[in-house]
Amino acid sequence: MAYGGSIQGKMSDESFDFICTTCDKSYNKIVEAVRYCIECSGYCCQSCTDTHNVFPALKNHNLLDVSQGAQAGSKQSGVREFPTERCSLHQGKVLDMYCKVHDNVVCSNCIATSHKSCPETSIFSIPDMVGTLFTLDDTKRISRHLKDMMVSLTTISNSKDRKLEALTKAKLEAIEKVEIFEKALKSIIRKAAKGSKSEIVATYQELENEILQEKSNVDSAQDELQQIEVKLNKSEANRAQRFVCTKQAEKKVTEADRLKVKHDMRSNQDATLLFTPNQSLMNYVKGLHGIGQVNASRKKIDKYRIKGKRDIKINISDDSKTCDSFGCCLTHDNKLLVTDSGNKKLKRINLDTMTVLDSCKFDSSPYGVCIISDEEAAVACYCPGGIQFVSIQQNMIPTRLIELSHECYGITTKHDKLYVTDACSSLYIYNMAGTLLKRITCDNAGTDLFSYNRHVTFNEKRDKLFVCDTTKGLVCFDGTDKYLSTSSDSDLKRAIGVCVDGHGNVFATGFYSNNVVQFNEDGKKIGVIVQQQDGLVRPLSACFHQELNRLFVTMHDNNVLKMYELE
């Protein structure tokens with residue numbers, strides 16, 4: 001009987017116990033085999049054996065007697081298995097040795113040069129000892145670690161992509177500020193403007209190179225993990241090679257873990273680029289080489305503290321009840337919109353004078369409010385449920401109304417979509433015409449995400465959505481509306497209001513804890529920044545003025561809202 005290839009359809013006057021695999025498959029010839037190659041997993045005739053001895057890439061393959069090859073091919077016990085992996089330091093040498101001291105697979109040259117001081121009892125021949133060096137569970141374990149680490153590195157790589165996108169946007173915004181300031185100073189400062197632009201671009205390039213290098217390291221590690229995973233999967237029939245791949249995989253996972261640890265240590269830092277105009281420049285522009293200051297740093301997300309505070313009266317003369325302000329937001333022209341459910345009004349506050357500028361009356365109770373454009377706002381009406389659009393140009397005027405079959409509490413907008421909570425268990429996503437696009441109630445495992453949801457906000461720079469739930473805490477989604485995590489903390493009791501500062505910080509108000517708790521972009525608590533002793537009682541909603549670092553907080557059954565200046 002012939003081994004190593006099929007003879008069906010082939011003419012031969014001779015009968016061999018073993019035929020050459022290469023000649024059989026490549027040349028359709030029946031030639032007697034004299035050797036079996038472990039690495040090639042096939043039989044070799046004399047000519048193919050000679051080829052192994054000539055070509056450098058094949059020269060160090062393990063060639064066995066054909067009888068041993070039959071046993072190896074059928075996986076009979078007692079047959080030595082040989083690794084096929086080659087040493088990266090000593091090309092051509094097989095990684096057939098294991099040093100227990102260094103927990104590393106090496107070749108014989110490595111043993112002679114780099115492991116002289118290692119005890120002989122710690123050096124093992126892999127083909128001789130493979131049966132006792134590792135188990136199948138070791139391979140399964142490292143396979144799981146490989147997959148987990150690749151997922152982690154994918155997450156890191158995506159994070160770097162987002163940072164690059166944010167950095168590019170910051171560069172464009174900074175250059176735009178330069179150009180606006182340049183026009184104001186006219187021709188006398190145009191040369192100085194070029195200096196600042198160059199500094200911005202140079203700083204951006206430095207930060208970009210840093211992030212790209214980090215991303216390159218992550219991507220390289222990811223590729224290495226994928227390659228070793230492929231090798232690990234292909235080594236199923238060869239336990240010796242599987243051991244080698246297992247050990248190599250452990251090393252690669254360890255190296256990748258170092259990258260992950262480094263990323264985790266710096267995850268609360270953000271590459272940012274800012275241009276700050278020098279307003280006193282008009283007085284001495286002729287001697288300057290630039291028109292402002294370019295700041296570049298990895299801004300650490302630290303805990304804010306209160307620098308100053310002030311009460312803002314929100315009641316007006318024709319109010320019939322105490323104000324009950326369930327929602328607030330900032331307009332593009334730096335006015336503050338506040339919903340007053342007690343009096344069924346939307347009020348607009350001038351932040352220069354800290355007084356109510358005007359108001360408009362609703363038929364139902366307004367809760368959440370968000371800005372749609374420079375000219376329009378959208379208000380979530382609780383009962384009956386609906387979305388009331390309001391013109392916010394010279395005068396505030398209610399315009400179109402979208403009637404809905406559920407109560408509406410919190411509302412925010414993203415990419416021409418409206419995200420609305422129902423004060424219960426669902427998050428609704430509508431288009432601007434009021435067509436329901438999606439309803440979110442549970443995660444992929446079918447677990448309810450909400451019990452009593454409240455306000456919702458979108459962090460544009462981090463592409464994340466946050467929803468407050470009075471019993472669950474802070475519920476986070478990614479830019480595709482996929483559930484990420486839920487954060488709860490003993491300091492935050494009955495979370496209702498939520499807002500962001502544009503740098504990765506998230507603020508949540510605790511109705512029962514009478515405070516504002518600061519979280520990072522991943523939902524990890526940074527600390528309590530506003531407490532009851534700061535005048536906060538039953539907070540309902542919050543919004544943040546990014547340019548002035550001011551936090552506005554509305555309160556239940558109260559004619560004032562709190563303004564906190566933070567640093």
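Scope of the values below: all heavy atoms of this structure, side chains included, with no hydrogens, waters or symmetry mates. Computed from a predicted structure; not experimentally measured. In this chain, residues are counted from 1 in sequence order.
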Q) Are there more than 12 heavy atoms of other residues, nucleotides or ligands under 6.0 Å from atom CG of Asp363? A) no
Q) Tell me, do Ile496 and His455 make a side-chain contact under 4.5 Å, heavy atoms counted? A) yes
Q. What heavy-atom pair brings Met432 and Arg400 nearest, and what distance separates the two atoms?
A. O-NH1, 2.9 Å
Q) When rounded to the nearest 0.5 angstrom, what is the spacing between CD in Glu403 and CD in Gln388? A) 10.0 Å
Q: May I ask you to decide if the ring planes of His406 and Tyr430 are parallel, tilted or perpendicular, using 30° and 60° as cut-offs?
A: parallel
Q: Would you confirm whether Thr339, through its side chain, and Gly368, through its main-chain N or O, come within 3.5 Å as a donor-acceptor pair?
A: no
Q: Give the C-alpha distance, both sets of side-chain angles, the deciding distance and a yes or no for side-chain contact (heavy atoms from CB on, under 4.5 Å) between Asp481 and Tyr419.
A: CA-CA 10 Å; Asp481 307 321; Tyr419 291 71; 2.9 Å; yes
Q. Taking the side chain as C-beta and beyond, is there a heavy-atom pair between Asn444 and Tyr483 under 4.5 Å?
A. no
Q: Check whether any side-chain heavy atom of Asp416 sits under 4.5 Å from a side-chain heavy atom of Asn431, and report yes or no.
A: no
Q | Axial cation check for Tyr204 ring with Lys171, 6.0 Å and 45° limits | A | yes
Q: Please confirm whether the backbone N or O of Met150 pairs with a side-chain atom of Thr154, one donor and one acceptor, at under 3.5 Å?
A: yes
Q) Taking Asp478 for the side chain and Lys464 for the main chain, is one N or O donor matched with an acceptor at less than 3.5 Å? A) no
Q: Taking atom types as modelled, find out whether Ser157 and Asp219 have a side-chain donor-acceptor pair closer than 3.5 angstrom.
A: yes
Q: Can you see which heavy atom on Phe466 is nearest to which on Glu521, and at what distance?
A: CZ-O, 3.7 Å
Q) Are Arg348 and Asp333 ion-paired here, with the side-chain N under 4.0 Å from a carboxylate O? A) no
Q. What heavy-atom pair brings Lys361 and Asn343 nearest, and what distance separates the two atoms?
A. NZ-O, 2.7 Å
Q. Is Gln226 atom CD crowded by more than 12 heavy atoms from other residues, nucleotides or ligands, each under 6.0 Å away?
A. yes
Q: State whether the number of non-hydrogen atoms from other residues, nucleotides or ligands found under 6.0 Å of Glu567 atom CD is greater than 12.
A: yes
Q: Could you tell me which non-hydrogen atom of Ala495 sits nearest to which non-hydrogen atom of Gly473, and how far apart they are?
A: CB-O, 4.3 Å
(Q) If the threshold is 4.0 Å, N to carboxylate O, is there a salt bridge linking Asp319 and Lys345? (A) yes
**Q.** Closest approach of Leu551 to Cys499 (non-hydrogen atoms, all atoms of both residues)
**A.** CD1-SG, 3.8 Å
Q. Any side-chain heavy atom of Val420 sitting closer than 4.5 Å to one from Tyr409?
A. no
**Q.** Under 3.5 Å donor-acceptor, Asn559 side chain and Cys323 backbone
**A.** yes
Q.
If we check salt bridge (Lys or Arg N to Asp or Glu O under 4.0 Å) with Asp489, which of these qualifies: Lys525, Lys472, Lys524?
A. Lys525
Q: First locate atom CD of Gln532, then atom CG of Asn514, and finally report the distance between them rounded to the nearest 0.5 Å.
A: 4.0 Å
Q.
Show, in sequence, the C-alpha distance, side-chain angles and deciding distance for Thr399 and Glu376, and conclude whether the side-chain contact (heavy atoms from CB on, under 4.5 Å) test is met.
A. CA-CA 9 Å; Thr399 54; Glu376 192 174 37; 4.0 Å; yes
(Q) For a side-chain contact (heavy atoms from CB on, under 4.5 Å) check, start with the C-alpha distance between Asn158 and Arg162, then their side-chain angles and the critical distance, and finish with the verdict. (A) CA-CA 6 Å; Asn158 292 338; Arg162 290 194 297 270; 4.1 Å; yes
Q | OG1 on Thr457 to CD1 on Ile411, rounded to 0.5 Å | A | 12.0 Å
Q. Would you say the side chains of Ser451 and Thr471 form a donor-acceptor pair under 3.5 Å?
A. yes
Q | Phe389 CZ: over 12 foreign heavy atoms closer than 6.0 Å | A | yes
Q | Centroid separation Phe507 to Phe544 less than 6.0 Å | A | yes
**Q.** Heavy-atom donor-acceptor pair, Asn453 side chain to Cys424 backbone, under 3.5 Å
**A.** yes
Q: Using a strict cut-off of less than 4.0 Å between a Lys/Arg side-chain nitrogen and an Asp/Glu carboxylate oxygen, indicate whether Lys562 and Asp311 qualify as a salt bridge.
A: yes
Q | Heavy-atom neighbours of Lys493 NZ exceed 12 at 6.0 Å | A | no
Q: Check whether any side-chain N or O of Ser426 sits under 3.5 Å from a backbone N or O of Tyr428 as a donor-acceptor pair, and report yes or no.
A: no
Q) Quick one: SG on Cys360 to CD1 on Ile397, what's the gap to the nearest 0.5 Å? A) 9.0 Å
Q | Side chain proximity check, Leu167 to Ile211, heavy atoms < 4.5 angstrom | A | yes
Q | Atom of Asp161, atom of Lys215 and distance for their closest heavy-atom approach | A | OD1-CE, 3.1 Å
Q) Is the count of non-hydrogen atoms from other residues, nucleotides or ligands lying under 6.0 Å from Glu176 atom CD greater than 12? A) no
Q) Are Asn209 and Gln213 linked by a side-chain donor-acceptor pair shorter than 3.5 Å? A) no
Q | Nearest-0.5 Å distance, CE of residue Met555 to CG of residue Leu561 | A | 7.0 Å
Q) Any donor and acceptor pair, going by atom type alone, linking the side chain of Asp340 with main-chain N or O of Ser325 inside 3.5 Å? A) no
Q.
Working to the nearest 0.5 angstrom, can you tell me the gap between Gln518 CD and Ile526 CD1?
A. 4.0 Å
Q) Counting only N and O atoms by type, is there a donor-acceptor contact under 3.5 Å from the side chain of Lys303 to the main-chain atoms of Val528? A) yes
Q | Reference residue Val467; test side-chain contact (heavy atoms from CB on, under 4.5 Å); the match among Thr486, Thr412, Leu427 | A | Leu427
Q: For the residue pair Tyr367 and Phe326, categorise the inter-ring angle as parallel (less than 30°), tilted (30 to 60°) or perpendicular (more than 60°).
A: parallel
(Q) Less than 4.0 angstrom from a charged side-chain N to a carboxylate O is my criterion; do Glu229 and Lys147 meet it? (A) yes
Q) With no hydrogens and no angle check, is any side-chain donor or acceptor of Asp534 less than 3.5 Å from a backbone partner on Leu536? A) no
Q.
side-chain contact (heavy atoms from CB on, under 4.5 Å) for Leu330 and Ile371? Distances and angles first, verdict last.
A. CA-CA 8 Å; Leu330 286 163; Ile371 295 299; over 6 Å; no
Q.
With a 3.5 Å distance limit and no angle check, can you tell me whether Thr322 reaches the backbone of Asp557 through a side-chain donor-acceptor pair?
A. no
**Q.** Glu547 atom CD, neighbour heavy-atom count above 12 within 6.0 Å
**A.** no
